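This report concerns only the one structure given below.
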Amino acid sequence: MPNRCIKEGDNPDLTKERKTCTFDTDELTANLYGSRNNMERRREITKKISADPDFADPIPHDFLSREKCIEATAKKTKAVVQRGSEFCDVTNYYEMLHLINEAIGIGGYPLALHYGMFLPALEGQAEKELTDDIIPRAKNLEVIGAYAQTEMGHGTNLRELETTATYDKATQEFIINTPTRSAMKWWPGNLGKMSNYAVVTCQLFIDGRKIGPHNFLVQLRCEKTHEPLPGIIVGDIGPKMAFDTNDNGFLALDNIRVPRKNMLMKHAKVSPDGVYTPPMHAKLNYGTMVYVRAHMLYAHGQFLATAAIVATRYSAVRRQGRIEHGVPEVQILDYQTQQHRIFPQIARAYAIIFTYMDIKDQYDAMIKGIAEGQTDLLPDLHAITSGLKSVVTHMAGLGIEQCRMACGGHGYSDASGLPKLYGVQIGGCTYEGENMVMLQQTARYLMKAVASALQGKPLSHSVAYFGKKSSGKSRIGKEGGDIAREHEAMLEALEHAACRLSVEASQMWEKRGRGGETKERAWNGVTVEMNRAARVHTRVFMARSFHRRVTSSPPSIRPVLTDLLSLYLHYECVDMAHHLLEDGFCSGEQIRYLKSRLYEDLTTLRPNAVSLVDSFDQSDRELNSVLGRRDGNVYEALYQWARKSELNYTDVLPAVQKYVMPMMEENRSKL
Ligand SMILES: CCCCCCCCCCCCCCCCC/C=C/C(=O)SCCNC(=O)CCNC(=O)[C@H](O)C(C)(C)COP(=O)(O)OP(=O)(O)OC[C@H]1O[C@@H](n2cnc3c(N)ncnc32)[C@H](O)[C@@H]1OP(=O)(O)O
Ligand SMILES: Cc1cc2nc3c(=O)[nH]c(=O)nc-3n(C[C@H](O)[C@H](O)[C@H](O)COP(=O)(O)OP(=O)(O)OC[C@H]3O[C@@H](n4cnc5c(N)ncnc54)[C@H](O)[C@@H]3O)c2cc1C
């Protein structure tokens, strides 16, 4: 069966791996990206960018200062903007995303938040009077914007943000002010140096009454000189763990006046005479965050895929140690521990991307509903995207770190691309709402679902399984080798665990309430359990999505995807075995059975491991990893990469000449 990556001159071990492929890698790639045409388009973009001198990096960014990296990234951004249509359909979201990844990389660029949040916020929340003026100019990039919500003192708890927007009826303006040091906006991406406008989240005050957080469009810099406008202090917050090429910024506003129409008023409104009309759903103002949380799944699935590609290919190329005496050193991918470290990451990357596809469909349906005046899909989508954002970012972070360690010493080098990848990816656990906080949003929803299920009320999409009758005992290991029934038995077991944990958390909460605690204090006493229930529920949702995609996949790729799904479900069940055992739903014998099946899965997947990661179809540019390169010629590339280090420009470093040599000389003369 064809693995389409084989080329002459490649590392022979990688070629050997590709020859054992049992499916058509192009079929799987096309399935992952929606169609064969989408796959071809991605490849065309990659090919054109790779050959274009505007996007060449003579010195890898690993060896440049932050300022130089920002300059190089800004230059490439300008080229993408001016020449984008030479490479792709610039109106196609996924083509643009791929172009940006190929041309610029993942560490941030001047327009990241402009496209990622500023424009979506205006499009989703502003009304015509404002959008007619600002959106054409923003699309034309006369206006570049950031999404400035988080403050130095508050990010998670939006209700306590301190920046104020006070309505002045006399002039029909809002006065926007930063009253304290902790009220300074702090963290927003591209706010520091790149943006000349921002959507700023402020507490709305009318006639002395605090109404709550709302968004306002504020001009920050002169459109001609790019200097900050009077009353505006803006700058970069300094170096961070990663995202080196993003100017996350600070902002203070000194009683800045903006016209009434600058409030984003598609949902909540303030009339000229100061009458406030609330939105049709109280949290529609938070819509941009739901949008980003949904889309983060795709990015984080791809981040994990990158790490899995690097670790798998490198493990096929590297030979070290022997499994039996008297035979040559083995590829490290033959070690069971290595497979157990890496293969679940491959499966999880597929699971995340497939889950994203389901969520995207739900998101589109919700937006259509809102346009028709219906918000009934929003609570379910908010609850599940809050859980998914948290589980997926955490899962991807752990997975990338496993892949990095699986590459041994070279994984610790920036040459592997993995330290930077981890730094960028792990930020997702924090931004768009810290994970522990967002899981509580899911848990709140589960508590309502428990109540509805007990009362026999209808249940919405993500919690529909709460209405199923549990069989009391798991069918795991009792399906006589029927793989479809075995998968169903594992899904049923996970659903049982999520439901049980939710019911138990609800009972614990109630009990504390009966003991005299307020509802809120009682909640804080059970949040660890609440978040546990939310995580298991979210993992059930992912497992169901993965299962649905596999069972509806084309026959040519279904066998390999079924193997991958088996590994995924066995791994998830073993990882959550304590939840399955706690109430006796599963026995110890059943968990031992799951483990033995998992080890069989590792062996089954071994011949297809490289081909499964090849099917993610990430180019060498996207991987940005000496260890993960398609041709597997790792060692020579590693040496050439190290040669580019600034420390190697001279044989004797000035620092050595200045301090170390005189010290050695002094010591020598003492003898
Ligand atoms: C063609 C060009 C293409 C170019 C390519 C572009 C690529 C774009 C890709 C997209 C990816 C972009 C990447 C960008 C990088 C991101 C950088 C980071 C940005 C940020 O971090 S922005 C700041 C984010 N901040 C947060 O997320 C804050 C978190 N906090 C909150 O959201 C809230 O404070 C809260 C939800 C935790 C609590 O809110 P609140 O106190 O007001 O509410 P309650 O907890 O009391 O809940 C009351 C009820 O409201 C419901 N609720 C809450 N939120 C929502 C919501 N969003 N939607 C619906 N319902 C909501 C609760 O569930 C409660 O319901 P109940 O029924 O009463 O129980
Ligand atoms: C790379 C990056 C990019 C960002 N980009 C932007 C941007 O473009 N625009 C923007 O506005 N912001 C941005 N942010 C800010 C980000 O949205 C916030 O940092 C994030 O929402 C977390 O809020 P916080 O910093 O207030 O954390 P905190 O809430 O202070 O969290 C600290 C700890 O307190 C815990 N905690 C807080 N509240 C609770 C609770 N109710 N229950 C239990 N535990 C709790 C948390 O779990 C965490 O352990 C960015 C941040 C990063 C790291």
Side-chain angles (χ1 to χ4, degrees), residues 117-118 120-135 145-186 188 191 197-220 229-234 251-291 370 373 375 378-379 382 433:
M117 291 193 84
F118 178 74
L122 290 170
E123 281 165 341
Q125 292 180 31
E127 67 176 356
K128 205 171 169 325
E129 200 187 347
L130 181 59
T131 54
D132 276 357
D133 168 38
I134 197 75
I135 289 189
Y147 184 81
Q149 184 172 283
T150 306
E151 296 172 357
M152 195 189 274
H154 291 90
T156 289
N157 187 6
L158 296 181
R159 283 200 254 178
E160 298 300 330
L161 292 177
E162 295 179 80
T163 307
T164 54
T166 308
Y167 189 57
D168 178 353
K169 272 183 237 175
T171 59
Q172 297 187 8
E173 289 171 322
F174 291 99
I175 305 160
I176 305 208
N177 191 41
T178 304
T180 62
R181 175 64 73 227
S182 60
M184 278 184 96
K185 295 293 173 189
W186 200 273
L191 173 68
Y197 280 72
V199 166
V200 180
T201 310
C202 311
Q203 294 292 352
L204 171 61
F205 279 85
I206 303 177
D207 295 332
R209 190 165 64 99
K210 180 176 164 182
I211 304 204
H214 288 72
N215 287 326
F216 298 81
L217 177 72
V218 181
Q219 183 175 354
L220 307 177
L229 294 177
I232 286 176
I233 296 172
V234 65
L251 170 70
L253 302 140
D254 183 9
N255 290 305
I256 300 299
R257 286 181 170 266
V258 301
R260 188 185 64 91
K261 70 162 191 177
N262 276 29
M263 176 170 152
L264 274 54
M265 283 199 279
K266 190 181 215 165
H267 305 301
K269 296 182 198 310
V270 174
S271 70
D273 55 350
V275 176
Y276 177 76
T277 310
M280 59 178 165
H281 182 289
K283 301 298 171 189
L284 274 179
N285 289 343
Y286 293 0
T288 314
M289 289 175 277
V290 178
Y291 164 82
I370 289 177
T375 56
L378 178 59
H382 164 62

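Because the structure is predicted, anything quoted here is derived from the model rather than measured.
Nearest heavy atoms, Leu264 versus Ala126: CG-CB, 3.9 Å. What you find for Arg159 and Gln203 is that their closest heavy atoms are O-NE2, 2.8 Å. Between Val234 and Leu191, the shortest heavy-atom contact is CG2-O, 3.4 Å. Annotation for Arg260 and Phe174: closest pair O-CE1, 3.5 Å, computed over non-hydrogen atoms.
For the residue pair Asn177 and Thr164, no side-chain donor N or O sits within less than 3.5 Å of a side-chain acceptor on the partner. Checked by atom type, the side-chain pair Thr288/Gln125 shows a donor-acceptor distance below 3.5 Å. With hydrogens and angles left out, the side-chain atoms of Tyr286 and His281 include no donor and acceptor closer than 3.5 Å. Donor-acceptor pairing under 3.5 Å is recorded for the side chains of Glu162 and Ser182. Side chains of Glu151 and Thr163: a donor-acceptor N/O pair is present below 3.5 angstrom, by distance only.
With rounding to the nearest 0.5 angstrom, the CH2 atom of Trp186 is 12.5 Å from the OG1 atom of Thr150. To the nearest 0.5 Å, the span separating CD1 on Ile206 from CD1 on Ile211 amounts to 3.5 Å.
Side-chain atoms of His267 do not come within 3.5 Å of backbone N or O of Met265 as any donor-acceptor pair.
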